[in-house]
Amino acid sequence: MFEKFIEKWTEMESTVKPSVCRDDAEDDNLQVFNGGYQGDLPEIVTEVENLCLDLFIDEDGTPNYENIREIRKIGFKVYPTEYDSFGWLIAACEKVDSKSIVYFG
């Protein structure tokens with residue numbers, strides 16, 4: 001289920017230069033690949049972002065906790081970065097061992 005996601009994430013890490021780390025980031029080693037900005041993103045980053053949406057957000061806009069639990073088992077974290085009373089607005093997927101992150105939502 002997650003094979004394509006992991007394949008694309010690995011391709012993204014090896015082919016795309018991450019964005020400059022945000023000033024408010026807690027960790028200087030964090031590699032931000034899209035910084036939550038839309039526009040001229042490399043195609044592979046857009047593919048990863050779309051896979052995040054497909055895997056981790058259900059059709060009704062709620063988090064897919066079953067998939068989130070599964071991806072955590074293989075070294076990723078998925079969490080909201082912005083939310084309101086209706087649910088998650090923006091979320092992040094972070095690969096723990098490489099500290100690379102993609103925002104989606």
Side-chain angles (χ1 to χ4, degrees):
M1 173 188 255
F2 297 104
E3 293 85 10
K4 183 175 182 179
F5 172 78
I6 293 167
E7 173 189 322
K8 293 297 183 179
W9 190 285
T10 302
E11 180 182 342
M12 176 188 71
E13 286 183 316
S14 66
T15 62
V16 177
K17 181 180 180 195
S19 303
V20 174
C21 194
R22 298 182 333 234
D23 290 339
D24 64 338
E26 295 176 13
D27 188 335
D28 291 337
N29 296 317
L30 192 65
Q31 300 179 86
V32 179
F33 282 92
N34 67 357
Y37 300 107
Q38 299 301 314
D40 296 330
L41 295 176
E43 184 177 332
I44 187 65
V45 176
T46 302
E47 287 181 57
V48 170
E49 182 179 22
N50 289 337
L51 286 167
C52 286
L53 288 167
D54 291 345
L55 286 169
F56 307 126
I57 302 293
D58 286 331
E59 288 184 19
D60 64 358
T62 59
N64 183 325
Y65 290 110
E66 182 178 335
N67 283 350
I68 292 169
R69 279 190 293 276
E70 288 301 311
I71 202 70
R72 285 181 176 165
K73 292 177 184 177
I74 55 176
F76 288 84
K77 294 188 325 187
V78 177
Y79 50 89
T81 58
E82 186 176 337
Y83 54 92
D84 63 14
S85 60
F86 297 106
W88 293 16
L89 300 174
I90 299 174
C93 185
E94 180 180 342
K95 187 175 179 188
V96 178
D97 65 351
S98 65
K99 296 188 178 188
S100 57
I101 188 167
V102 169
Y103 293 93
F104 63 96

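Of all non-hydrogen atoms in Val16 and Ile44, the two that sit nearest each other are CG2-CG2, 3.3 Å. Closest of all the heavy-atom pairs between Thr81 and Ala92 is CG2-CB, 3.7 Å. Between Met12 and Val48, the shortest heavy-atom contact is SD-CG2, 4.0 Å.
For the pair Thr46 and Glu43, the minimum side-chain heavy-atom distance is 4.5 Å or more.
Every side-chain hydrogen bond (donor to acceptor under 3.5 Å, both in side chains) that Tyr79 has, sequence neighbours left out, goes to Glu94. For Ile6, the side chain to side chain contact (heavy atoms under 4.5 Å, CB included) partners are Phe2, Thr10, Ile74, Phe76, not counting sequence neighbours. Not a single side chain to side chain contact (heavy atoms under 4.5 Å, CB included) links Ser14 to another residue, sequence neighbours left out. Checked against side-chain hydrogen bond (donor to acceptor under 3.5 Å, both in side chains), Asp58 has the following partners two or more places apart in sequence or in another chain: Asn64. Not counting sequence neighbours, the partners of Glu13 by the side-chain hydrogen bond (donor to acceptor under 3.5 Å, both in side chains) test are Trp9, Lys95, Ser98, Ser100. For Ile68, the side chain to side chain contact (heavy atoms under 4.5 Å, CB included) partners two or more places apart in sequence, or in a different chain, are Phe56, Pro63, Tyr65, Arg72, Val78, Trp88.
In this structure, NZ in Lys77 is found 9.0 Å from NZ in Lys99, a value given to the nearest 0.5 Å. Atom CD1 of Ile71 and atom CD of Glu66 lie 12.5 Å apart (nearest 0.5 Å).
Here Glu7 does not pair with Lys4 in a salt bridge; the nearest charged N to carboxylate O distance is not below 4.0 Å.
Under the 4.5 Å side-chain heavy-atom criterion for ILVMFWY residues, no single connected hydrophobic cluster contains both Phe5 and Val96.
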